[in-house]
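What follows is a set of notes on a single structure, which appears directly below.
Numbers for residues simply follow the sequence, beginning at 1.
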Amino acid sequence: MRVIRILPNLPVADVGAAKGFYTDFLGLSTEAFNLGWVARYTSPDPDVAVQLVSGDATAPEDSVISVQVDDVDGAYAEAQRLGYEIVHPLTTEPWGVRRFFVRAPDGNVINVAAHRS
């Protein structure tokens with residue numbers, strides 16, 4: 001597995017209400033996507049980004065970061081082999097992401113994902 005990108009997932013009460021601070025004040029003016037409960041905002045440089053999350057729509061817990069990988073199936077198998085707690089099973093979500101949540105030994109929940117090609 002190769003990590004392609006890591007994005008912070010900031011908990012917010014309401015994505016729409018929080019948007020102005022990140023877009024107007026911080027200048028993350030490009031809305032990469034918005035599902036209502038999660039949205040990504042970037043600067044003109046797509047490597048500068050933040051995701052705002054008001055509550056994951058399909059997982060039982062929210063994650064602190066999203067880690068995009070080149071082989072999510074392989075990452076899932078490796079997490080299981082190593083005995084890590086799977087918080088959300090490997091799932092192809094309706095919005096085009098295949099992902100699972102794993103709990104790191106420190107307690108943080110990590111969203112490990114790959115976008116459909």
Check whether any side-chain heavy atom of Val64 sits under 4.5 Å from a side-chain heavy atom of Pro8, and report yes or no.
no
Check whether any side-chain heavy atom of Leu28 lies under 4.5 Å from a side-chain heavy atom of Thr30, and answer yes or no.
no
Grab the two heavy atoms, one from Arg99 and one from Ala113, that are nearest each other, plus how far apart they are.
CB-CB, 3.7 Å
Please say yes or no: joined through hydrophobic side-chain contacts below 4.5 Å, possibly via intermediate residues, are Val67 and Ile4 part of one cluster?
no
Transitively linked via ILVMFWY side-chain contacts under 4.5 Å: Phe21 with Val53?
no
Value rounded to 0.5 Å, distance of CZ in Arg2 from CG in Asp71:
11.0 Å
Cluster question for you: counting only ILVMFWY and a side-chain heavy-atom cut-off of under 4.5 Å, with indirect links fine, are Val87 and Leu90 together?
no
Find out whether Ser54 and Val15 are in side-chain contact, i.e. whether some heavy atom of one side chain is under 4.5 Å from a heavy atom of the other.
yes
Using a strict threshold of under 4.0 Å (side-chain N to carboxylate O), is an ion pair present between Arg98 and Glu93?
no
Evaluate the side-chain contact (heavy atoms from CB on, under 4.5 Å) criterion for residues Trp37 and Val12: first the C-alpha distance (whole Å), next the side-chain angles of each, then the deciding distance (0.1 Å), finally the verdict.
CA-CA 9 Å; Trp37 58 270; Val12 298; over 6 Å; no
Side-chain heavy atoms under 4.5 angstrom apart, residues restricted to Ile, Leu, Val, Met, Phe, Trp, Tyr: same cluster for Leu35 and Val97?
yes
For Phe101, run the side chain to side chain contact (heavy atoms under 4.5 Å, CB included) check against Val112, Asp56, Ile110 and tell me which one passes.
Asp56
Could you tell me if Ser63 and Asn111 have a donor-acceptor pair between their side chains, going purely by distance under 3.5 Å?
no
Tell me, do Leu7 and Val50 make a side-chain contact under 4.5 Å, heavy atoms counted?
no
Is Val102 reachable from Ile6 through a run of hydrophobic residues whose side-chain heavy atoms are each under 4.5 Å from the next?
yes
Side chains of Gln80 and Leu82 in contact at under 4.5 Å (non-hydrogen atoms)
no
His115 and Gln68: side-chain contact (heavy atoms from CB on, under 4.5 Å), yes or no, with the steps?
CA-CA 8 Å; His115 294 272; Gln68 185 179 352; 3.3 Å; yes
Ring centroid separation for Phe100 and Tyr76, is it under 6.0 angstrom?
yes
Student check: side-chain heavy atoms of Ser66 and Asn9 closer than 4.5 Å
yes
Could you pull out the closest heavy-atom pair between Val109 and Arg103, with the gap in Å?
CG2-NH1, 3.3 Å
Report, as yes or no, whether the 6.0 Å neighbourhood of atom OH on Tyr84 holds more than 12 heavy atoms from other residues, nucleotides or ligands.
no
Is any side-chain N of the basic residue among Asp47 and Arg5 closer than 4.0 Å to the acidic one's carboxylate O?
no
Return the CG to NE2 distance between Asp62 and His88, rounded to the nearest 0.5 Å.
11.5 Å
Compare all side-chain heavy atoms of Lys19 with those of Tyr41 and state whether any distance is below 4.5 angstrom.
yes
As an exercise, state the distance from OH of Tyr22 to CG of Leu52, rounded to the nearest 0.5 Å.
6.0 Å
